[in-house]
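Please read the structure below before turning to the comments.
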Number of protein chains: 2
Amino acid sequence: MTPLSPKPAPRQRPTMKDVAREAGVGIKTVSRVVNGEGYVGEATAARVRAAVERLAYRRDVSAGSLRRADRRTLSIGLLLGDVSNPFDAQVHRGVEDAAGAAGFAVLSASLDEDPERERELVPTMGSYQVDGLIVMPAGPDPTALQREMDAGMPVVLVDRGVEGLETDSVVVDNQSGARLATEHLISYGHRHIAFMGDRQFLPTARMRLEGYREACWAARAATHIIPDLSNEYLAETATRAMLQASPAPTAIFAAQNLVTIGVVRALRSLGLEHEIAVVGFDDISLGDLVSPAITVIAQDPHLIGKMAAERLLARIGGDTGPVEQIIVPTSFLVRGSGEIPPA
Amino acid sequence: MTPLSPKPAPRQRPTMKDVAREAGVGIKTVSRVVNGEGYVGEATAARVRAAVERLAYRRDVSAGSLRRADRRTLSIGLLLGDVSNPFDAQVHRGVEDAAGAAGFAVLSASLDEDPERERELVPTMGSYQVDGLIVMPAGPDPTALQREMDAGMPVVLVDRGVEGLETDSVVVDNQSGARLATEHLISYGHRHIAFMGDRQFLPTARMRLEGYREACWAARAATHIIPDLSNEYLAETATRAMLQASPAPTAIFAAQNLVTIGVVRALRSLGLEHEIAVVGFDDISLGDLVSPAITVIAQDPHLIGKMAAERLLARIGGDTGPVEQIIVPTSFLVRGSGEIPPA
DNA sequence: CTGAAAGCGCTAACAC
DNA sequence: GTGTTAGCGCTTTCAG
């Protein structure tokens, strides 16, 4: 019997040598034409270009980077929480737009807020020889990233920083955004506002809680804090439980997009969506179409991604200026759910 | 004056040679330990591992692939319509999950349904030496992809096929899904149903139109076709215009997710959301929370991505079986907007 | 303006 | 079990 050896079709891309032979020139001349560097006689160049076309030649970027002085691979790594989260996906597109315009490819992966995955995937990106890294950090431990930075890898943080890591970051002012949201509810007369937020080991979640606290204290309002809501379902369940206790809050500050959705679902199921006020952090798709429409503090994730990529490309290009923390402004979208007065 | 030469910090990762020196062994022994191949004495292996740890060594995947027999780079390319479109982002995550589990990295980019970008980015992925390609094709032209396939690159198509390209694909049955949606509206008594769809050069858009036509013909209902709605805004405007003409349709089949959102926005702005029936193709986030909740034919984009990646990995692994077309089932989510009877 | 030779980090083939 | 040598596709250095 013939053993069916799984022999993958041998990749047989043409190499520079093939092009050189086809054009009847030296290999270095091909290199010069392909990279548009140095001076090559117009006639020779034309012959080379024709050969490239005829053989469908494409230069191997990674092989080239092996010997190149700057060792660039023209690629960057992007580590997000989850590429399918609408917020992250917008960041992704912002990064892609800026990187693509500069001729860089993007290698992406999801960390799922798991420090273990971060520890694993950061060096993995390194082993693919990316020229730089954009990271939405999953944990508070700076060592994996620090190690890459020590090896000369430029790193830009998005969405949140990492304590003890001296590097560029692009974030929004979570604390003042949360304070604004809470003050808005207070200005409509609420004095019993619940905070429902994501896991407290996330710096963004902590900053938003801080903003909420500031506003409550200033107004001498009680605080009611429900943290660690890591998904829609938990948020929905927690909201329902909370509203059955008494005295129930008259307003809710939902400090993350999935939490907001869970809260809205719970209110809807209890028929309370027109009784309890809600302000969310992060816009949600169709947030303007539900009834009442959801008032939110919106971020601009596409811009965040774009700025992070531009910062990174500058570093890759040799920018050695001081560490920058870029704060992207938020906007307040007043749509109805946040303007319900207390009963 | 000193010219500030932008000299990027020299990447100085340790190489196998460094590890070999540190451990006092030959370079090939390091290679064997790092790749877990062949037999190495336990004591030697331990010394090597210690040196790897001490120097924070990471093997350079791409340099290795240069000489390796199978030339694998352990990376795949993913070309989507738009990484930030919720549907595409879910496909992305499905691909990442399957690829990541097999130790493959994902290089992604957005084509924006632009054949020009496809022509450009397909060979670009090739030049990064990816081991295979998953593509949501932007245009009807098979040449760029065919060229890669001729060079031995495995290709799997998602969401839609390309005429004239003999390769694996993962799609849903758009035509029967659209027929079902339309029949559903007919069963509620509608005889004047509008079709609002995406650009007709997209195969999916054409198949959905075909399904709509079939159902209308079978019921001897008139057809009312508004194609080429490439975004939310166009869909909204077109819907508003259509409903002001007479006789206006009593139901709408919205054949794409962004179109559905535009339609819902228009109905809402005219106060007709409880008068005109709507069934959408593709689920939309929060579609169950608007009023009325949106009835849709839903796809499972995460599964589509996962199956595509699994198919591709099998091909990369040497599977030379016949071309497969995998059809992922759709599901019908009845939620209210599709069950409004004609006025 | 053009080409030959060396070498990037690694693996294949073959010694010892 | 382990080390040596050659060479992957490319860029660098240095001659012509």
Side-chain angles (χ1 to χ4, degrees), chain A residues 10-49 51-52 55-74 126-131 151-152, chain B residues 10-49 51-52 55-74 126-131 151-152:
Chain A
R11 195 76 20 97
Q12 41 183 355
R13 304 183 162 283
T15 82
M16 269 195 180
K17 208 147 71 179
D18 297 325
V19 176
R21 192 169 346 95
E22 175 84 7
V25 300
I27 177 176
K28 179 66 225 199
T29 302
V30 178
S31 172
R32 276 194 268 258
V33 172
V34 168
N35 295 292
E37 116 205 327
Y39 286 78
V40 178
E42 189 40 55
T44 325
R47 279 221 317 291
V48 171
R49 272 190 293 266
V52 164
L55 300 179
Y57 169 78
R58 284 252 126 194
R59 126 177 187 280
D60 181 335
V61 199
S62 33
S65 84
L66 208 52
R67 191 66 173 83
R68 199 182 285 103
D70 56 17
R71 308 240 29 201
R72 296 275 164 75
T73 61
L74 296 182
S127 78
Y128 279 94
Q129 309 299 122
V130 295
D131 296 333
Chain B
R11 195 77 18 97
Q12 43 183 356
R13 303 182 163 283
T15 84
M16 270 196 180
K17 209 147 68 178
D18 297 326
V19 176
R21 191 170 347 95
E22 175 84 7
V25 299
I27 178 176
K28 181 66 224 202
T29 302
V30 177
S31 172
R32 276 194 267 259
V33 172
V34 168
N35 294 292
E37 116 206 327
Y39 285 78
V40 177
E42 190 38 58
T44 327
R47 279 220 317 290
V48 171
R49 272 190 292 267
V52 164
L55 300 179
Y57 168 77
R58 282 254 127 193
R59 124 176 187 280
D60 181 334
V61 199
S62 34
S65 85
L66 207 53
R67 192 62 173 85
R68 198 183 284 102
D70 56 17
R71 309 239 31 202
R72 297 275 164 75
T73 60
L74 296 182
S127 78
Y128 279 94
Q129 308 300 120
V130 294
D131 296 332

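Below, chains carry the letters A, B, ... as their sequence lines are ordered, and counting in each starts from 1. All values below were derived from every heavy atom in this structure, side-chain atoms included, with hydrogens, water molecules and symmetry-related copies excluded. Treat the numbers as computed from the prediction; the structure is a model and nothing was measured.
Here the C1' atom of nucleotide C/dT2 and the CD atom of A/E37 are 13 Å apart, to the nearest Å. Between A/L66 atom CG and C/dA6 atom P there is a gap of 18 Å when expressed in whole angstrom units. Distance, B/L74 CG to C/dT11 P: 11 Å, rounded to whole Å. Distance CZ (A/R71) to P (D/dC10): 16 Å, rounded to an integer number of Å. Computed from coordinates, the B/R13 CZ to C/dG9 P distance equals 12 Å when rounded to whole Å. Whole-Å rounding puts the B/R68 CZ to C/dG9 C1' distance at 12 Å. Regarding A/D18, its CG atom lies at a distance of 11 Å from the P atom of D/dC8, rounded to whole Å. Distance CG (A/D60) to C1' (C/dC10): 14 Å, rounded to an integer number of Å.
Side-chain N/O atoms of B/R32 and base N/O atoms of D/dG3 include a donor-acceptor pair closer than 3.5 Å.
Among C/dG3, C/dT11, D/dG9, the nucleotide with an atom closest to any side-chain atom of B/I27 is C/dT11. For A/T15, counting side-chain heavy atoms from C-beta on, the closest listed nucleotide (C/dC8, D/dG9, C/dA12) is D/dG9. Checking D/dT12, C/dC10, D/dT2 against every side-chain atom of B/V40, the shortest atom distance belongs to D/dT2. The side chain of B/T44 has D/dT2 as its nearest neighbour among D/dT2, C/dC10, D/dG9. Closest approach to the A/Y39 side chain among D/dG3, C/dC1, D/dC8 is made by C/dC1 (side chain taken as heavy atoms from C-beta onward). Nearest nucleotide to the side chain of A/K28, out of D/dT11, C/dC10, C/dC8: D/dT11. When each of C/dG3, D/dG3, C/dG9 is scored by its nearest atom to the side-chain atoms of A/T29, the top-ranked nucleotide is C/dG3.
OP1 or OP2 of C/dC10 has not a single side-chain nitrogen or oxygen of B/S31 nearer than 4.0 Å.
Between B/R67 and A/R59, the residue whose closest nucleotide on DNA chain D is further toward the 5' end is B/R67. Mapping B/G26 and A/M16 onto DNA chain D by nearest heavy atom places B/G26 at the nucleotide closer to the 5' end.
Put simply, OG1 on B/T44 and CZ on B/R32 are 10.5 Å apart, with the number rounded to the nearest 0.5 Å. Distance OH/B/Y128 to CZ/A/R58: 10.5 Å, rounded to 0.5 Å. Here the CG atom belonging to A/N35 is positioned 4.5 Å from the CZ atom belonging to A/R59, to the nearest 0.5 angstrom.
Here B/S65 pairs with nothing under the side-chain hydrogen bond (donor to acceptor under 3.5 Å, both in side chains) rule; sequence neighbours left out.
For the pair A/P14 and A/L55, the tightest heavy-atom approach, listed with the atom from each and the gap, is CG-O, 3.3 Å.
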- Would you check, one step at a time, whether the test side chain to side chain contact (heavy atoms under 4.5 Å, CB included) holds for A/S31 with A/M16? CA-CA 7 Å; A/S31 172; A/M16 269 195 180; 3.7 Å; yes

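Counting any heavy atom pair closer than 4.0 Å across all strands shown, A/V61 reaches no nucleic acid atom. At the heavy-atom level, A/S65 lies nowhere under 4.0 Å from the strands shown.
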